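Worksheet for the structure shown next.
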Amino acid sequence: MSRPHNDTFLRALLGEPTDYTPVWLMRQAGRYLPEYRQARQRAGDFLTLCKTPSLACEVTLQPLARYDLDAAILFSDILTIPDAMGLGLYFTEGEGPRFENPLREEWDIRDLFVPNPTEHLSYVLETVREVRRALDNSVPLIGFAGSPFTLACYMVEGGGSRDFHHLKRMLYGRPDLLHHILTVTADAVTDYLNAQIESGVQAVMIFDSWGGILSTPAYREFSLAYLQRIVDRLIREKDGQRVPSIVFTKGGGLWLEEMAALGCDALGVDWSVDLAAARSRVGDRVALQGNLDPAVLLTTPEIVAAETTRVLQSFGVGNSGHVFNLGHGVSRFTPPENISVLVDTVHTQSRLWRKL
C-alpha cells in the first residue's frame, strides 16, 4: 500500500525533508467542537461514543472537515486496555474516568491478564478500518495507547488523582506488585498497538501522561524500561511502508536524551521544553513533536499567530524533523476559530521560510 497523498507528517517523523511543517493536535477531536458535542449527545455517553465504530469514525474525521490538518488521530481512550482487563471502566460527569475494580489487592494483581485485542478491543480495530476507508489515503491515521506507567496510575488509584498516593505507596513499598502490573500492561499495549497497525494505522503514539510525576530513578525503572519493552517489539513496517512511533512523556524534559535512545522515531515535548534546546540535546536521533501551550488557544487570533510563529522559530527555520503540535491536548474551552489561525500560521510561515 502506498503512502497517503499527503505524507508530510510521516516524512517529518522520519527526518526527511518536507515542503512545510506538518501539524496535527492532541485531542483535536473533542468538546471544543460543537459537532463533537452533538455526536456525544447522540451516543448518550462517552464510552458508547468510543465503542461504536461508526460514531468514533465520524468524530475522528470531524476536525479534518474543518481544518487543513496533516494527520488524523483515532478517536478512542487510553483506558480501553484496563477496561478490557476487567477493571470496569465508567465515566462520571465532572469527575472523569473511574474503575469499579482498582488494583489494590495482591490476588487481583496476580490475576491480571493480557487481553486479546481482536477479541476484547475489536471495536477499536473496526474503527481503524472504517476511518482508513473514509480517509481514502488522503492523510495518515495515527493510532495510540497509554504507557504502562500511566495506565497503572489509573488502575491502582481507581481513577484520576492529585498525588497518586496509592500508586506511590505500592511503588516504594511493594515494587514487585507494580512491576507485575507494568509487565502485563506493557505486553497488552504492545499487542494493542500492533493490532492497530495490522488494521491500518500508519503511525503510533504512546502517551506517558503521568511519567513526569516520578523521580529520575523511578522514571527509569517504572516508566522508561517499559516504554523500551514496547518500542522494541512494535511492528516497524507494514505493506512495504515504515510505521513511525512517537513517545510522549508529559513533564519528561529532564530525560530527553534517554528517551531519544529508546529507538522510537519521534519525541513529543510539552510546553515547558524549549525546542531549540531539545534539538541540541537529541540531535538528529529523533524528530520532535510539539509544543505550543494549549492555553494560548484561549486568547486572541493575534496572540495565537504570534505564539505559533515563536514555536516554529524556536525549532529553527528550514530544519527538518519537526511536527507542530500542542504541549498537551486541546482545551474544551478553545474557540474553534483559533485552531484555524494556528493551522494556517504553521503552514503559511513554514512554507515561506522553506523558500528563503
Side-chain angles (χ1 to χ4, degrees), residues 77-85 87 89 96-97 99 101-115 144-193 204-234 245-264 266-270 272-273 282 286 328:
D77 192 87
I78 64 169
L79 300 180
T80 53
I81 286 178
D83 184 44
M85 290 172 163
L87 272 67
L89 176 65
F99 285 112
N101 308 306
L103 297 177
R104 302 280 175 78
E105 304 296 339
E106 183 163 352
W107 54 83
D108 290 328
I109 293 169
R110 298 297 181 193
D111 286 344
L112 201 62
F113 68 97
V114 176
F144 71 92
S147 74
F149 179 75
T150 290
L151 296 181
C153 285
Y154 290 100
M155 293 160 72
V156 174
E157 293 294 330
S161 174
R162 291 182 181 273
D163 53 16
F164 297 100
H165 67 277
H166 291 294
L167 184 285
K168 287 203 168 184
R169 185 182 297 127
M170 184 183 294
L171 185 153
Y172 291 111
R174 287 297 305 273
D176 59 313
L177 294 182
L178 183 54
H179 277 302
H180 183 75
I181 295 171
L182 294 170
T183 298
V184 175
T185 305
D187 291 346
V189 169
T190 305
D191 289 352
Y192 181 47
L193 289 176
V204 293
M205 182 163 172
I206 305 170
F207 285 88
D208 187 26
S209 304
W210 295 116
I213 70 170
L214 293 169
S215 69
T216 292
Y219 177 75
R220 289 170 179 155
E221 180 177 353
F222 295 98
S223 184
L224 191 69
Y226 292 95
L227 292 169
Q228 186 73 72
R229 185 181 177 98
I230 296 166
V231 172
D232 285 347
R233 295 184 294 156
L234 285 176
S245 59
I246 310 162
V247 171
F248 172 60
T249 295
K250 185 172 182 288
L254 287 172
W255 311 303
L256 289 180
E257 293 89 345
E258 292 171 85
M259 293 164 64
L262 286 169
C264 56
L267 297 181
V269 290
D270 66 25
S272 68
V273 176
V282 303
V286 289
H328 203 236

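The residues of the chain are indexed from 1 along the displayed sequence. What you see is a predicted model; the values in this text were computed from it and never measured.
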Practice problem: Of all the heavy-atom pairs spanning V114 and A188, show the shortest one and how long it is. | Solution: CG1-CA, 3.7 Å

Practice problem: Hey, could you give me the NZ/CD1 distance between K250 and I213, rounded to the nearest 0.5 Å? | Solution: 11.0 Å

Self-check item: Intermediate values then yes/no, side-chain contact (heavy atoms from CB on, under 4.5 Å), L112 and L87
Solution: CA-CA 10 Å; L112 201 62; L87 272 67; 4.2 Å; yes

Quiz item: Does some side-chain heavy atom of T249 sit less than 4.5 Å from a side-chain heavy atom of Y219?
Solution: yes

Exercise. Please report the C-alpha distance between Y192 and T80 in whole Å, then the side-chain angles of each, then the deciding distance to 0.1 Å, and finally whether the side-chain contact (heavy atoms from CB on, under 4.5 Å) criterion is met.
Key: CA-CA 10 Å; Y192 181 47; T80 53; 3.3 Å; yes

Exercise. State, to 0.1 Å, how close L267 and A260 come at their nearest heavy-atom pair, and which atoms those are.
Key: CD1-N, 3.8 Å

Practice problem: Carefully, step by step, assess V273 and L256 under the rule side-chain contact (heavy atoms from CB on, under 4.5 Å). | Solution: CA-CA 10 Å; V273 176; L256 289 180; 4.0 Å; yes

Exercise. Apply the test salt bridge (charged side-chain N to carboxylate O under 4.0 Å, His left out) to residues R233 and D191: give CA-CA distance (whole Å), side-chain angles for both, the deciding distance (0.1 Å), then the verdict.
Key: CA-CA 9 Å; R233 295 184 294 156; D191 289 352; 5.7 Å; no

Exercise. Report the residues that fulfil salt bridge (charged side-chain N to carboxylate O under 4.0 Å, His left out) with D163, sequence neighbours left out, ordered by chain and then residue number.
Key: none

Quiz item: Counting only N and O atoms by type, is there a donor-acceptor contact under 3.5 Å from the side chain of E157 to the main-chain atoms of L167?
Solution: yes

Practice problem: Side-chain contact test, heavy atoms from C-beta onward, threshold under 4.5 Å: evaluate it for L79 versus L151 and give yes or no. | Solution: yes

Self-check item: Counterpart residues, side chain to side chain donor-acceptor pair (under 3.5 Å), relative to D270 (two or more places apart)
Solution: S272

Self-check item: Approximate separation, where rounding is to 0.5 Å, of S223 OG and M259 CE
Solution: 8.0 Å

Quiz prompt | Minimal non-hydrogen separation, M170 against L103, with atom names | solution = CE-O, 3.8 Å

Quiz item: Any idea which heavy atoms bring M85 and V184 closest together, and the distance?
Solution: CE-CG1, 4.1 Å

Practice problem: Write down the atom of R229, the atom of T190, and the distance for their closest heavy-atom approach. | Solution: O-OG1, 4.4 Å

Exercise. Answer yes or no: is there a side-chain heavy-atom contact under 4.5 Å between I206 and L227?
Key: yes

Quiz item: What distance separates E221 CD from L214 CG, expressed to the nearest 0.5 Å?
Solution: 10.0 Å

Self-check item: Between CD1 on residue I181 and CZ on residue R110, distance to nearest 0.5 Å
Solution: 9.5 Å

Practice problem: Let me see the working for V247 and V286 under side-chain contact (heavy atoms from CB on, under 4.5 Å), right down to the final yes or no. | Solution: CA-CA 10 Å; V247 171; V286 289; over 6 Å; no

Quiz item: Between T150 (side chain) and S209 (backbone), is there a donor-acceptor pair under 3.5 Å?
Solution: yes

Quiz item: Does F248 reach the side chain of H328, with side-chain heavy atoms less than 4.5 Å apart?
Solution: yes

Quiz prompt | Any Y154 side-chain heavy atom under 4.5 Å of P97 side chain | solution = yes

Quiz item: Y226 and F149: aromatic ring centres closer than 6.0 Å?
Solution: no

Practice problem: Give the minimum heavy-atom separation between I109 and H180, together with the two atoms involved. | Solution: O-CD2, 3.1 Å

Exercise. Report yes if the side chains of I230 and P148 come closer than 4.5 Å at any heavy-atom pair, otherwise no.
Key: yes

Quiz item: Mind checking whether D77 and D83 have side chains closer than 4.5 Å, heavy atoms only?
Solution: no

Self-check item: Residues forming a salt bridge (charged side-chain N to carboxylate O under 4.0 Å, His left out) with E105, sequence neighbours excluded
Solution: none

Quiz item: Between H179 and F222, how do the two ring planes meet: parallel, tilted or perpendicular, split at 30° and 60°?
Solution: parallel

Exercise. Would you indicate whether the side-chain heavy atoms of W255 and L224 approach each other to under 4.5 Å?
Key: no

Quiz item: Hey, what do you get for CZ (R169) to CZ (R104), rounding to the nearest 0.5 Å?
Solution: 8.5 Å

